[in-house]
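The first residue of the sequence shown is numbered 1, and numbering continues consecutively from there. For ligands, and for the atoms within them, numbers begin at 1 and follow the listed sequence.
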Amino acid sequence: MIPYGRQEITEDDIDAVVDVLRSDFLTQGPVVPKFECAVAEMAAARHAVAVNSATSALHIACLALGLGPGGRLWTVPNTFVASANCGRYCGAEIDFVDIDPQTWNISIAALREKLDTADRDDCLPDILLPVHFAGQPTEQEAIWDLATKYGFKVLEDASHAIGASRNGEPVGSCRWSDVTIFSFHPVKIMTSGEGGIALTNDAELADRMSLLRSHGITRDADRFTGDDNPESWYYEQQLLGFNYRMTDIHAASGLSQLGRVSGNVDRRNVLAMRYDEEFADLRLHIPTIQSGHRSAFHLYVVRLPVNHGSELRSCVFNAMRRQGIGVNVHYLPVHLQPYYHNLGFTSGDFPHAEEHAKRGLTLPLYPALSEQQQDTVINSLRSHL
Ligand SMILES: *Cc1c(COP(=O)(O)O)cnc(C)c1O
């Protein structure tokens with residue numbers, strides 16, 4: 001079986017994890033802060049808060065940005081459900097903005113139009129959550145301009161995009177957003193087993209997210225509000241937080257992998273270009289990478305041609321699976337999931353995301369994919385079109 005994605009674990013990664021297991025601290029030791037500094041430096045952001053998943057990172061980011069009951073969060077439909085669920089955890093209403101049919105990222109035109117209407121109806125979003133789909137950066141400057149004009153916060157879901165950049169600016173720098181999150185789930189660009197991180201340039205937001213990560217507790221005497229003369233055992237719970245901490249075991253894997261992100265993203269780009277070239281003569285939409293963008297190529301998604309309304313994608317998908325090729329679909333639009341359908345969304349609401357979901361096919365792409373395996377994928381897809 002050739003899977004659609006696969007983690008890469010080296011002997012160095014294993015040694016780094018074993019070192020932690022032999023050390024004094026399995027959690028809340030020295031490795032998590034080291035990992036946080038290293039990710040912040042690589043992404044050119046000032047602060048980083050590592051947590052046990054990107055889903056947790058999204059949750060504490062939403063809370064730190066002030067989202068609550070009656071609030072509104074907008075995201076895109078072609079994403080993993082966590083991008084919308086984080087708003088629901090806070091009791092907020094979710095709405096979606098359709099995607100651009102070329103880049104498959106949030107459509108700036110659709111966003112502009114929806115904001116204009118929402119402004120008139122007095123229901124502007126509190127948070128916009130754009131997703132760097134498949135690893136291609138979103139158009140953050142345009143989004144930030146609109147955020148300034150309409151007064152909403154921007155939370156980038158860069159689960160697919162560590163190692164990506166736009167005009168030389170790394171995704172994660174938060175130059176045009178309030179917070180950016182990465183995921184370290186094994187299928188993503190790099191992994192800590194499970195894990196995620198929230199990046200920001202705002203020290204206050206970083207503090208609030210750190211508190212929320214660990215029960216709302218602080219041990220920092222400078223921040224105490226109660227006891228004036230605290231003894232050394234004293235700590236304070238200042239708000240209602242969670243146990244979303246990353247362990248040192250996970251951080252060691254992440255820290256060891258971080259140094260390979262750039263090389264692995266290079267490799268992903270080489271393989272993606274090879275797919276592009278091999279598919280040039282087929283009736284396929286290959287990924288459109290905007291000029292000045294370096295995609296992290298978490299996913300390589302092609303869009304199959306419209307075939308007289310027949311179920312071409314389903315035929316190709318099943319035939320390739322039967323040949324041991326782990327093709328996949330990213331994503332069933334979130335608004336069509338039963339949970340969101342029950343909240344009132346329905347088919348036809350976001351036509352570009354729905355069209356993408358009907359015709360998109362995710363092909364295997366990961367650093368260890370050999371050219372021979374890639375040829376198997378290419379020949380298989382060719383033979384079924
Ligand atoms: C994977 C993913 C998440 C969730 O990541 P976890 O680390 O598994 O919680 C959120 N958003 C997107 C777009 C993802 O692909």
Side-chain angles (χ1 to χ4, degrees), residues 3-7 32 35 39 48-63 73-90 94 96-97 99 103-106 127-138 140 154-164 171-172 177 179-199 209 212-213 242-247 250-251 253-254 257-258 261 268 295-301 328-335 337 339-340 353 356-357 360 362 365-366:
Y4 83 89
R6 183 175 161 70
Q7 74 274 18
V32 168
F35 179 53
V39 176
V49 180
V51 283
N52 58 359
S53 73
T55 303
S56 302
L58 289 168
H59 185 194
I60 61 171
C62 284
L63 288 172
L73 179 144
W74 291 5
T75 185
V76 281
N78 68 325
T79 184
F80 184 57
V81 292
S83 309
N85 290 348
C86 58
R88 296 297 296 157
Y89 298 155
C90 303
I94 308 301
F96 302 91
V97 182
I99 59 170
T103 65
W104 309 334
N105 272 336
I106 188 167
I127 296 181
L128 179 72
L129 195 153
V131 178
H132 302 260
F133 180 76
Q136 159 141 255
T138 46
Q140 280 306 124
V154 181
L155 168 52
E156 295 177 65
D157 185 342
S159 292
H160 301 179
I162 188 169
V171 167
S177 66
V179 179
T180 302
I181 67 96
F182 292 141
S183 170
F184 306 124
H185 180 277
V187 85
K188 307 289 162 68
I189 303 283
M190 58 161 278
T191 187
S192 59
E194 293 272 6
I197 207 163
L199 300 160
M209 291 194 289
L212 287 163
R213 157 176 71 180
F242 309 90
N243 181 353
Y244 281 171
R245 290 187 305 267
M246 177 179 273
T247 71
H250 293 85
S253 161
Q257 297 227 329
L258 189 64
V261 164
R268 286 173 178 275
S295 173
F297 272 110
H298 161 51
L299 301 173
Y300 188 90
V301 179
N328 217 318
V329 172
H330 293 92
Y331 291 91
L332 172 72
V334 177
H335 70 282
Q337 293 286 356
Y339 174 81
Y340 285 96
H356 180 73
T362 305
L365 181 67
Y366 48 93

Against ligand 1, does Gly195 come closer than 4.0 Å with any heavy atom? yes
Any side-chain to backbone donor/acceptor pair from Asn105 onto Gln136? Under 3.5 Å, distance only. yes
Report yes if some N/O of Asp157 lies less than 3.5 Å from some N/O of ligand 1; otherwise report no. yes
Is it true that a side-chain atom of Ser295 and a backbone atom of Phe297 form a donor plus acceptor pair closer than 3.5 Å? yes
Are any side-chain N or O atoms of Thr180 and backbone N or O atoms of Leu199, one a donor and one an acceptor, separated by less than 3.5 Å? no
Which ligand 1 atoms are under 4.0 Å away from a heavy-atom of Tyr331? 15 (O)
Quick note on ligand 1: atoms under 4.0 Å from a heavy atom of Thr79 include exactly 13 (C)
Taking 4.0 angstrom as the limit and counting only heavy atoms of Ser83, give me the atoms of ligand 1 inside it, by number and element. 11 (N)
Distance col, row His132:NE2 vs Phe182:CZ, nearest 0.5 angstrom, shows 8.0 Å
Distance to 0.1 Å, residue and atom name: give those for the protein heavy atom nearest to atom 10 (C) of ligand 1. Ser159 OG, 3.4 Å
Side-chain contact test, heavy atoms from C-beta onward, threshold under 4.5 Å: evaluate it for Phe242 versus His59 and give yes or no. yes
Tell me the contacting part of Ala54 for ligand 1: side chain, backbone, both, or neither, using a 4.0 Å heavy-atom threshold, strictly below. both
Of the side chain and backbone of Phe182, name the one, both, or neither that has a heavy atom under 4.0 Å from an atom of ligand 1. neither
So which protein heavy atom does atom 15 (O) of ligand 1 come closest to, and at what separation? His160 NE2, 2.8 Å
Donor-acceptor pair, side chain of Ser253 and main chain of Thr191, under 3.5 angstrom: yes
CG of Leu258 to CD1 of Ile189, rounded to nearest 0.5 Å, is 12.0 Å
Is there a nitrogen or oxygen of His185 sitting under 3.5 Å from a nitrogen or oxygen of ligand 1? no
Between Tyr331 and Phe80, how do the two ring planes meet: parallel, tilted or perpendicular, split at 30° and 60°? tilted
Report yes if some N/O of Lys188 lies less than 3.5 Å from some N/O of ligand 1; otherwise report no. yes
If we only consider heavy atoms of Gly196, is any one of them less than 4.0 Å away from an atom in ligand 1? no
Proximity to ligand 1 by part of Thr55, non-hydrogen separation under 4.0 Å: both
Indicate the ring-plane relationship of His356 and Trp104, choosing parallel, tilted or perpendicular according to the 30° and 60° boundaries. tilted
If I apply the N/O under 3.5 Å rule, does Leu58 come out as touching ligand 1? no
